[in-house]
Amino acid sequence: MAGVTLKNVVKRFGSVQVIHGASLEVEDGEFVVFVGPSGCGKSTLLRIVAGLEDASEGEIEIDGMLVNDVEPADRGIAMVFQSYALYPHMTVEQNLSFGLRMNGNPREDTNRRVQKAAEILRINELMKRRPKQLSGGQRQRVAIGRAIVREPEVFLFDEPLSNLDAELRVQMRVEIARLHSELGTTMIYVTHDQTEAMTLADKIVVLRDGKIEQVGKPLDLYDDPANQFVAGFMGSPKMNFMEASVKSASNGSATVKLVNQGGAMITLPVSDGPAVGDRVTVGVRPEHFRAAGQGDCDIDLNIDVAEHLGSTSYIYANTKSGEQLIVEREESRSEVGLEKLTASIPAQQAFLFDAQGKRLN
Amino acid sequence: MAGVTLKNVVKRFGSVQVIHGASLEVEDGEFVVFVGPSGCGKSTLLRIVAGLEDASEGEIEIDGMLVNDVEPADRGIAMVFQSYALYPHMTVEQNLSFGLRMNGNPREDTNRRVQKAAEILRINELMKRRPKQLSGGQRQRVAIGRAIVREPEVFLFDEPLSNLDAELRVQMRVEIARLHSELGTTMIYVTHDQTEAMTLADKIVVLRDGKIEQVGKPLDLYDDPANQFVAGFMGSPKMNFMEASVKSASNGSATVKLVNQGGAMITLPVSDGPAVGDRVTVGVRPEHFRAAGQGDCDIDLNIDVAEHLGSTSYIYANTKSGEQLIVEREESRSEVGLEKLTASIPAQQAFLFDAQGKRLN
Amino acid sequence: MKPQSEMRSKSSREMIRTIGLHAVLVPLAIVWLFPLWMMMVFSTLPENAIFSAQIQWLPGTHFWANFEQLQADTGFLRTLFVSIMVALVYTVLSVFLTSMAGWALARYHFLGKGMVLAIILGTLTLPYFVVVIPQFIMVARDFGLANTWFALIVPPLFNSLGVLFMRQSFSMMPGELFDAARVEGVKEWKIFLFVAMPMARPTIAALCIILFLASWNNYLWPLLINNQPDMMTAPVALGSLIGLTRVSWGGIMTGAVLLTVPMLVVFVLLQRHFVAGIAAGAIK
Amino acid sequence: QSGELTIWSWNIAASSLEAVVEGFNAQYPDISVRVDDLGNQQVFDRLLAGCAAGGAGLPDIVSIENHEAEIFWAQFPDCFVNLRDLGYTEELASEFPDFKRTELEVGDAAYAMPWDSGPVVMFYRRDFYENAGVDPASIQTWDDFIEAGIAIAEANPGVTMTRADLNGDTEWVRMIGNEQGCGFFSDDGSAITVNQPGCVAALEKVKEMVDAGIMTAADWDEKIQANNAGTVASQMYGGWYEGTIRSTVPEDQHGLWGVYLMPSLDANGPRAANLGGSSLAITSASQNPEAAWAYVNYTLGTNEGQVTMLREYGLVPSLLSALDDPYVSEPLEFWGGQAVWVDILGTLDDVVPSRGTPFFGDADAIVQAAQTQYINGAFESAQAALDDAASQIALVTGLPIAE
Amino acid sequence: MRARNRIAYGFLAPYLLIFAVFWIWPIIYSFYLSFLSTRAVPWTWAPHMNWGRLWIDPAFWNALRNTLVILFIQVPVMIALATLLAVLLNSQLLKARGIMRFAFFAPVVVGEVAYAAVFRLMFNADFGVINKILTGVGLPAVSWFSNPTAAMALIIMAVTWRWVGYNAIIILAGLQSIPDDVYEAATLDKVSKTKQFFFITLPLLRPIILVCVVLSVIGTMQLFAEPFLITNRGGPGGATETLGLFLYRQGFTVLNFGYASAVAYTIAGLAIIISLINFWLGRDPK
Ligand SMILES: Nc1ncnc2c1ncn2[C@@H]1O[C@H](COP(=O)(O)OP(=O)(O)OP(=O)(O)O)[C@@H](O)[C@H]1O
Ligand SMILES: Nc1ncnc2c1ncn2[C@@H]1O[C@H](COP(=O)(O)OP(=O)(O)OP(=O)(O)O)[C@@H](O)[C@H]1O
Ligand SMILES: [Mg+2]
Ligand SMILES: [Mg+2]
């Protein structure tokens, strides 16, 4: 087992720079998830760790050793690919044992490891099948099994679940979490699905355009995002953002006017307060809205569409000036068919961002 | 505008029967959603309505007229396909007008209709683009636009959103709901996503293996499923099912023993009660579990994996005997890392099913 | 560990592989280009330079003289014209014929479809020789159509590969597209013409090139079915000159160049379609 | 008479047919004649194909080599006009030697009119021989020829004694075989004679020459290249090759060529043979058979026509009366003042007839293969090679092998 | 619906018409012809004549042997070379990719006649550039057209030159359909490039190589223009006479249509048998 350290890693493809100096510390045994929108460089960063791409600049250490020039196979890592990358012409068993066989690993040891991996993943009955004869979830298991038999110190996953359908994805997600707790190995996991990130990670790394935006525990990112991007990225449905301007700012709090809510005012607890007159953004998660009067600032909404899911409902609403908001409500059978709604913002759970998107607190 | 009636529709492909006598009444202007697992015959049924497949038996009426032998084009329907089915070599405008042009519709009328559809869907600026140059959501809009220009009496949708990513799917879902309220036309919509069904439908038709299992309003199906299949299908995460055996049954209530929860007993209000000794299944939705002591029957659980999503968390847990349960909890920062949990079942919100899966109430 | 020097060793390994790769490929490529180069060279030399004791590595200046002689003696331009016409008409007709058949086989269920498919697949492995004799007897003797455009163009129109090729292309298209048109009331032949055909454009482009090439280079059938100079295709005319003293080898090579260079230009311009066509034709 | 005529022919035969057009047009000014030079093999192939196609695309007049002729009358009697119907009377026909007529006439029908014949002689380069001190007159036997060849190759670096189309033809075997009185088939075409001693000896000699290095392979085309490049000292062919050499070699070789009789097996052996010789036939496809006949009759049936072709391209007339023309005895400058025609035509009387039959094509391919295999050592002896060939020919033709 | 499907016949009709007239009928007719004696004008029914002759005709066996020699030497060499070329041309390290591909793919568009003419000149025994090069480096000149072995070698070289690029294109397409990440996975498994080739690339290419082999078999069985034009009608003395050429000669120079038809059917039968053997040998194990 081993930790992974990145120091100022830069990656250029030709003249295009796609990773702009990423530094990161992954502890031994930690489950780290890279998230970020498509094209932000998650896969690239992971492939640099794997050694499939060379870093243009910077250092990569695994278990305290500089590995920039170590061959991928010698880094003590194993990787699971988005498309599984199973050898289509080999049976499951051959897929699992291929690497060991090719490197002259003793037969018994190979068999033992394959057997163990198969048990961990419950694919014993599939050993004689070809990848084509497997379902998506089974393929995914075999791909993970192939990583397990290497007995690596670090597991790398590149969007391993994105080719599965929703139900299977949830199921495999739980299995991967279980695998991590069983093996206790360091894992680095790439996804663009924030739910996966929230549910799997010990530590989430949010990337954006080749830069690391924030690193932290899932709930910390949820509760305490560093900026508007992270705030918007974590949580589903997305956080609502409302334009506002600062009316007054005192030590430890600021009063802002929600310009699109007919001038409703709200006072938020911020210490590094903004200047009066600044354009700011107020962020409220759909699940944090309260019933009328129970928060610190009531706003009136016209309901566009209400989605009733049984236990909760999402209200898609707009304000007089057309700003779209989503409000989560506990399901109430009596509210079906309503046209208007008054929601209230609790100041403690609202966020304030400056014009550059930086979180103010 | 028109209603659609199916009477004992049967469909066979060769010797395989895939629709087993479906009868259904769709009211004028209603939004009906067909849901069911993959392969249950949703698309087939829809294509029978469209006239793209012949019914092997039974009658299809649209607007009171028998249309079994009417060509698709003459049934007054329009269809939106899962893959959008846009003509890739035509611009958006040509896509919209193609059918009208091919049938010799007067130029001005065609233009007027195309113009109107474009406005409804806000795709005016895209008219000169090719489908390749459009995003998924825009393509979906064009596909709907092509249906609109036909000015049909019935819209048919076959999983129109399943190729979109999660975020866009939510957005388009809202748009389709808005479209229905604007046009007021009869719509039949196929999906296997129960969230879509719940949020869009006036009436949901649940299919399973070519048979209609239940028809009803979304929240009625959620609150009052006819059988275990429907109960399991509606709601996310899925309802938990626990094996039980009937210990005593009186008029209006029955006491059952949860065989896998260490023999915990619960008394449920059922009138058409089962006999003592019957094997039954108790169903509880994840969101209906209460905190220990607050329901009618406490059960002790070992937590496998806890997924913390910020505002709610899902606890994947198992009981001593290994039965898997999912419990939804309001997020509490202090509960992270717990290993055990006691949850309580509220008798009012639990369901009882007999050995055949039929709901007892 | 010194990262810099390590890095050099990694890239130097790559260097060695690059050199090895080119050490194999470059000489092979030269060998492969050599006949083409010699064709160009020969076409620009007078007879006595071709049959001289020295190797002529570089082109001379005799191209026009060779061409004029070739043209004067054989009317080679006429044969080129015949070849072009035949190839063009053949390609257009064949594309339509095979597309229509491919469309029917891809998109409809009808009685006898399995049999038609089996026959088409069967003829793929059937050498052309099995039919060439009766085809010749029939077209030439029974129909009396030797030396006609018809004879040059129509009998070779049967082309299993093209049908399979188009069928594959059409069946890869999402069926919903055609259902959409049907729901809109578009007639089947209009669907074929205005929806399916335009969508198959890349395939058709590849097919066109393959068909054109096949016709352009066809040798046996035009050799058999024509005996009149003014209906000869260029390859047949050129083939008949080999071994004749009347036209110099320089002239023959000029003819070969005229046959080859246009195809090479097309190849370079449309390499992507070409390669795709050949690959798809074989792989299905 | 008027009209347009098209003729298929090859090489100098074609050229000579063009050469008589002027004289012909003096008599028939309204008949225009076009000669297509397609090459020997092509004319045969296309004519067969055309006849098989019911005459489609055929010209009015075609040249047919005598020994290949019979397959046409056997397979496609309707493809050609019976010349008897056009005025080719028995009287006229009797102007030609019998051995030229047998292959062209079936019963009462005459399908073609004899044209030239190919009395075989050796064409040689005087300068190369002189360099080696070889007197052609001293070469009487093939062994002499081989000896001379070795000497000539030594004295003239890069020069080979002779070339033969060993790969695509049986010309040398046929020439020497004919000299020795042996052909593929008996005179009446009823038996296979290819394994008779004359042919066996011929094949043996060819191999001896190849083994001695004085003979290398070259087809028609390559022989001409060798002539022009000056890398060959002798070429043996029918008399018609006179015109080929004369019209193709470069200016600076004028006067350097000469002719002597083909050597024999022994000093007193026969030194005459025939190779080639053609005829002209009129196809049924002709729109204007009368005009075609007029041309054929002028070209082949008059001294004027025949001598024109002899003079221009060295085609040896088979019209007996043409042999008395004064041109025949003229010494020719090109040939270093030698009166070559006297020498060439002098052998005509000694030529033994040799029959092609309809199976010539089959037989020739088989003998060719046997020849190649024998030269490359696949057979013990020439006798074995030709016995094998004979049995193959028997298989293909159903004819018996002569005792 | 049934009406809609009936339209299919309309789409098929023109093609099937051509097929029926120019293929079906000839296939049947040539079968009939193979039972006729066609040596002289009234063709007569003689079932044994052609089929019987086939068995004992040394010229046919010679042609068959030559064809099989080409099949068993040229086809494997060419396929191996094509595979090698495809792999090399697919390399990321390749410079001047366009020119390289052009070099090997260009012969695909060169017609038989044009290249036959060039090869004849290049291999001319006295003046050909090949012999000049050979003697230039001190090797003996080769009589390409009169030595049976050399002539066969020449045909093999010519056919290989012409067709290797064609096969390389097909194999290259196959190569490119193998996803990169499979190789990346193997790299992570510490499988060397060479082993990757033998254990991943080759097995995955097998179906495509099989297609190439079958196409080449069918092509070889029909080989005609090269020996016809380059080695001057199968010379020397039939040493390069292929089945295709033999058939041509029987059909169109000695005009024995019946025998040629029997030969044609034999060629077809052999092509099918050899193709089936190929498929059988190359079938997916299990
Ligand atoms: N081999 C390459 N050559 C050039 N650019 C590349 C290459 N690989 C990736 N890129 C670019 O680098 C950027 C980051 O790509 P990367 O694949 O790491 O994104 P990602 O975050 O994994 O996205 P996704 O979620 O879509 O997989 C993208 O802009 C991509 O276009
Ligand atoms: N043309 C056909 N021929 C034979 N069987 C068919 C055909 N079309 C559909 N089926 C079968 O009919 C059944 C129902 O198919 P259908 O496409 O209606 O399912 P579905 O509910 O739409 O599924 P999905 O959600 O996957 O789209 C399936 O078992 C399918 O295999
Ligand atoms: Mg990625
Ligand atoms: Mg469906």
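Letters A, B, ... are given to chains in the order of the sequence lines, protein chains preceding strands, and every chain is numbered from 1.
- Of all heavy-atom pairs between M102(A) and K195(E), the closest is O-NZ, 2.8 Å.
- With sequence neighbours excluded, the residues satisfying salt bridge (Lys or Arg N to Asp or Glu O under 4.0 Å) with E57(A) are R12(A).
- Residues of residues 75-83 of chain E never come within less than 4.5 angstrom of chain A, heavy atom to heavy atom.
- The 12-atom threshold is not exceeded at CD1 of I99(E), counting heavy atoms of other residues, nucleotides or ligands nearer than 6.0 Å.
- For L86(A), the part sitting under 4.5 Å from any heavy atom of chain E is the backbone (N, CA, C, O) and nothing else.
- When the shell of 6.0 Å around CG of D180(E) is examined, it contains 12 or fewer heavy atoms from other residues, nucleotides or ligands.
- In this structure, R107(A) places its CZ atom where only 12 or fewer heavy-atom neighbours from other residues, nucleotides or ligands lie under 6.0 Å away.
- Counted within 6.0 Å of CD on Q92(E), heavy atoms from surrounding residues, nucleotides or ligands total 12 or fewer; the atom is thus considered open.
- When the heavy atoms of residues 181-191 of chain E are compared with those of chain A, the residues falling under 4.5 Å are D181(E), V182(E), E184(E), A185(E), A186(E), T187(E), L188(E), D189(E), K190(E), V191(E), listed by number.
- Heavy-atom neighbours of chain A within the stretch residues 197-204 of chain E, taken at a separation under 4.5 angstrom, comprise F199(E), I200(E), P203(E), L204(E).
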